[in-house]
Amino acid sequence: MRKLSSFMFLLFSTIVFSQNTMVDSLTLVLRNTKDSTEIAQINLQLAKQYERINISRSKGYSLKSLQFKSNDSIVAETYNQLGRISFFEAKLDSANYYFNKTKQYFNTSNNQRRIAEVNISIGAVQLKQADYNKTIKTLTQSATYFEENKDKLNAAKCYNNIASAFAELSNYSKAIEYSKKALVVFNDQNHIQYQLITLPNLAMQHFKNGDTLSAIDYNLKAEKLGLLTDNRYSLSIVYNNLGSIYLDKNSKKAKEYLEKTLKLKRELNLKNGIEITQGNLGYLHYKNKEYEKAIRYYKKVEKQVNGKQLVFVYDKIKDCYKGLNRFNIALDYSEKSKILTDSILSIENQKQFIEIQTKYETEKKEREIVELKTINTEINYRRTLNRHLLFTVIGILVITLLLAYSILKNVKRKKLLVQQKHTIDTQKFAKLLKDQELEGIDAIINAQEKERERIANNLHDNLGSKVAILKLYIEEITDSENYSQKDKVQLYKKLKDLAGDTYKEIRLIAHKKNFGTFIDKGLILSIQAIADQISNTHKLSIKVINVNVKKHITSAIEIQIFRIVQELITNCIKHANATEVIIQFSEYEHVLNIIVEDDGKGFDKNMTPFGFGLKNIINRIEKIGGIIDIDSTLNEGSTIMLNIPL
């Protein structure tokens with residue numbers, strides 16, 4: 001937490017700077033065009049323009065562009081843009097998903113150049129995920145392709161990220177070698193934006209290799225270019241690096257650079273790495289015995305870290321309070337540190353114990369198997385030996401005893417065998433009856449559980465949505481003072497019809513009817529019917545858009561999808577306070593894509609626990625092998641994407 005540095009990754013083909021004129025121009029064109037393809041293209045361009053200005057708006061424009069699925073090229077580039085946005089938001093799993101979706105489209109068109117370019121982005125994600133060997137492998141393959149095709153610029157981008165991977169593996173000489181190869185190309189082609197990435201990387205590679213003077217020199221060159229181009233993102237990296245370098249050498253300079261870093265990160269809303277800057281500032285104040293200021297920074301860091309880093313923060317806060325002679329609070333933080341350390345050690349010891357126990361049990365079972373095999377071999381040998389002895393005795397008896405005695409002996413023996421067989425058969429029969437009885441009880445219990453689950457699901461899925469619609473109609477009646485008598489009559493008729501439907505629904509559930517009949521018009525038409533019914537309340541407008549779905553959907557999957565969309569609409573009514581919902585259906589590569597977007601109050605999915613309805617949706621999606629992606633921000637609505645294989 002004290003002396004940490006940052007590396008920048010070459011993720012993108014071009015860096016988009018703030019260009020208000022371009023944004024205004026594109027916005028004006030967007031307002032005046034009706035062509036869906038042109039709308040998608042403009043939304044994508046606006047997403048790229050806002051990428052380094054306002055990440056949230058960039059994401060919004062990307063999702064709007066993704067609604068138009070008629071052009072594979074636009075869809076591929078939109079997925080690529082969503083991958084870049086997820087990368088900058090530090091959502092690495094999402095970034096990896098979107099980049100691989102992009103590659104799928106380029107694989108279809110066999111566009112090897114774009115595949116190699118997307119691999120640069122995937123390599124950057126792997127670098128962020130600390131999978132350094134995989135990073136080097138991915139980017140070396142791409143670099144080879146670009147070298148063979150005389151594309152020096154893209155090859156240099158690969159060199160830059162390969163250098164970062166070697167740096168993370170502490171192979172700084174190799175990292176410096178690749179960074180310098182990249183910088184030669186960027187300097188020759190006068191690509192300032194890429195120089196701004198490579199120079200800070202080279203600086204920190206030299207710094208970690210023990211060459212402080214070169215590190216400062218490269219950072220100052222980067223600062224000069226950053227100020228020239230007003231690239232605040234790059235400047236935040238440079239100032240953070242300089243602050244780390246001067247941390248123990250010149251406290252005043254370090255504080256100046258770190259405060260600049262913090263200011264830029266706040267202006268750009270960059271959360272990634274801000275705890276490092278705050279921790280370093282806390283360390284500077286602690287060193288200068290400015291304990292109150294140090295505590296303020298460390299408490300900010302406390303909210304952003306966990307594990308061993310949190311133990312370190314607790315210890316530093318404890319030291320600060322000791323410096324203030326506030327020993328009671330210092331003792332509290334010492335206890336927190338001890339408890340967390342014990343917890344971490346307990347988890348590590350438990351893991352080791354489980355590994356030892358598993359190994360012991362495995363060896364024990366192997367020994368038992370060997371012993372059982374030995375015993376079985378010995379038993380089989382004795383059985384064989386006894387059988388041979390018995391046959392020998394019988395043979396001697398047959399030869400030596402009289403024929404009559406021999407016959408009598410055989411009769412008695414057969415009688416004994418029959419009795420034994422009868423006893424065994426009786427025992428088997430009793431066991432069979434008992435097993436059948438237990439299976440019958442289990443079957444009854446399972447049937448009861450399935451029936452309860454069926455009734456609960458049907459009550460939630462069907463009656464839940466209809467009661468929610470009834471609530472909207474009742475609210476409409478409450479607000480109908482300004483309506484004409486004719487409108488009131490129509491409103492009462494709608495309420496009466498819906499109440500009748502709800503009653504029929506209860507009867508259908510009571511008589512165990514086939515719930516597939518609710519969508520006998522087909523999936524999209526049935527959802528359109530529900531949308532029209534809700535829109536008639538004038539409380540919530542629902543639009544259903546079928547882009548290109550033509551393929552027949554099997555009844556079982558169709559019912560599950562219908563229930564999922566029905567539940568999402570119910571959630572919009574009950575929780576979202578939305579005024580408009582757009583439901584879009586599209587089909588590509590044997591996959592049904594459904595986007596449900598509302599303008600409601602949204603929610604933080606990391607802070608909001610999933611209720612029964614959302615858990616039900618997730619269970620249904622998993623049952624039909626689909627994927628759900630939930631994107632929601634407080635006060636900015638929600639977008640839910642469903643991908644279901646057909």
Side-chain angles (χ1 to χ4, degrees), residues 1-8 90 167-168 170 172 200-201 203-213 215-216 218-220 222-223 235-268 270-341 344:
M1 185 63 62
R2 187 170 70 85
K3 292 183 71 173
L4 296 173
S5 54
S6 306
F7 290 102
M8 299 171 68
E168 295 295 345
S170 299
Y172 300 114
N201 286 355
M204 295 317 296
Q205 288 155 13
H206 278 290
F207 178 62
K208 292 196 171 185
N209 205 35
D211 188 352
T212 305
L213 293 177
I216 294 171
Y218 279 118
N219 272 314
L220 292 176
E223 180 190 19
L235 286 171
S236 71
I237 300 291
V238 172
Y239 291 146
N240 189 67
N241 289 349
L242 286 167
S244 299
I245 291 170
Y246 283 113
L247 203 61
D248 288 319
K249 292 179 171 54
N250 187 328
S251 296
K252 184 178 178 181
K253 272 192 175 182
K255 182 172 178 289
E256 179 184 337
Y257 282 124
L258 291 171
E259 285 178 345
K260 284 183 179 180
T261 303
L262 207 57
K263 181 183 177 184
L264 288 170
K265 283 183 179 288
R266 285 170 179 162
E267 287 176 359
L268 297 168
L270 292 173
K271 297 178 181 178
N272 187 24
I274 197 168
E275 75 282 358
I276 297 172
T277 308
Q278 291 169 337
N280 284 340
L281 280 166
Y283 169 74
L284 285 174
H285 287 298
Y286 172 76
K287 236 177 50 164
N288 294 330
K289 297 185 179 181
E290 298 170 344
Y291 299 121
E292 294 284 0
K293 292 181 180 179
I295 288 169
R296 283 201 295 272
Y297 279 112
Y298 280 129
K299 284 192 174 181
K300 289 177 182 178
V301 177
E302 179 186 357
K303 299 174 184 177
Q304 303 173 70
V305 298
N306 48 43
K308 293 181 180 178
Q309 288 184 320
L310 187 55
V311 171
F312 175 83
V313 173
Y314 285 154
D315 288 337
K316 297 309 294 182
I317 295 175
K318 175 199 71 177
D319 292 340
C320 289
Y321 278 117
K322 281 175 67 177
L324 292 169
N325 294 324
R326 297 167 71 177
F327 297 107
N328 288 339
I329 302 177
L331 184 60
D332 288 342
Y333 275 96
S334 179
E335 281 297 312
K336 285 183 179 181
S337 174
K338 183 178 180 301
I339 291 168
L340 184 55
T341 301
I344 293 168

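What you see is a predicted model; the values in this text were computed from it and never measured.
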Ignoring hydrogens and angles, tell me if any N or O in the side chain of Tyr283 forms a donor-acceptor pair with the backbone of Gln278 under 3.5 Å.
no
At what distance, to the nearest 0.5 angstrom, does CD1 of Ile274 lie from CG of Leu262?
5.0 Å
Pair Tyr291 and His285, ring centroids less than 6.0 Å apart:
no
Under 3.5 Å, is there a donor-acceptor pair between the side chain of Asn219 and the main chain of Ala215?
yes
For Gln205, is there any backbone N or O sitting under 3.5 Å from a side-chain donor or acceptor partner on Asn209?
no
Do other residues, nucleotides or ligands put more than 12 heavy atoms under 6.0 Å from the NZ atom of Lys338?
no
CA sep, side-chain torsions, deciding dist, call: Glu292, Arg326, salt bridge (charged side-chain N to carboxylate O under 4.0 Å, His left out)
CA-CA 11 Å; Glu292 294 284 0; Arg326 297 167 71 177; 3.5 Å; yes
Give a yes/no verdict on a cation-pi contact between Lys316 and Tyr286, requiring under 6.0 Å between NZ or CZ and the six-membered ring centre and an angle within 45° of the axis.
yes
Given 3.5 Å as the limit, does a donor-acceptor pair link the side chain of Thr341 with the main chain of Ser337, or not?
yes
With a 4.0 Å cut-off, would you call Glu259 and Lys255 a salt bridge?
yes
Heavy-atom donor-acceptor pair, Lys299 side chain to Ala294 backbone, under 3.5 Å
no
Tell me whether the rings of Tyr333 and Tyr314 are parallel (<30°), tilted (30 to 60°) or perpendicular (>60°).
tilted
State whether Tyr239 and Lys260 meet the cation-pi test: NZ (Lys) or CZ (Arg) under 6.0 Å from the six-membered ring centroid, and within 45° of the perpendicular axis.
yes
Applying side-chain hydrogen bond (donor to acceptor under 3.5 Å, both in side chains), run through Lys265 and Thr277 and close with a yes or a no.
CA-CA 10 Å; Lys265 283 183 179 288; Thr277 308; 5.2 Å; no
Walk me through whether Tyr257 and Tyr246 qualify under side-chain contact (heavy atoms from CB on, under 4.5 Å).
CA-CA 9 Å; Tyr257 282 124; Tyr246 283 113; 3.9 Å; yes
Look at atom NZ of Lys300 and say whether more than 12 heavy atoms of other residues, nucleotides or ligands are closer to it than 6.0 Å.
yes
Any chance you could lay out the side-chain contact (heavy atoms from CB on, under 4.5 Å) test for Glu223 and Leu220, step after step, and finish with the verdict?
CA-CA 5 Å; Glu223 180 190 19; Leu220 292 176; 3.5 Å; yes
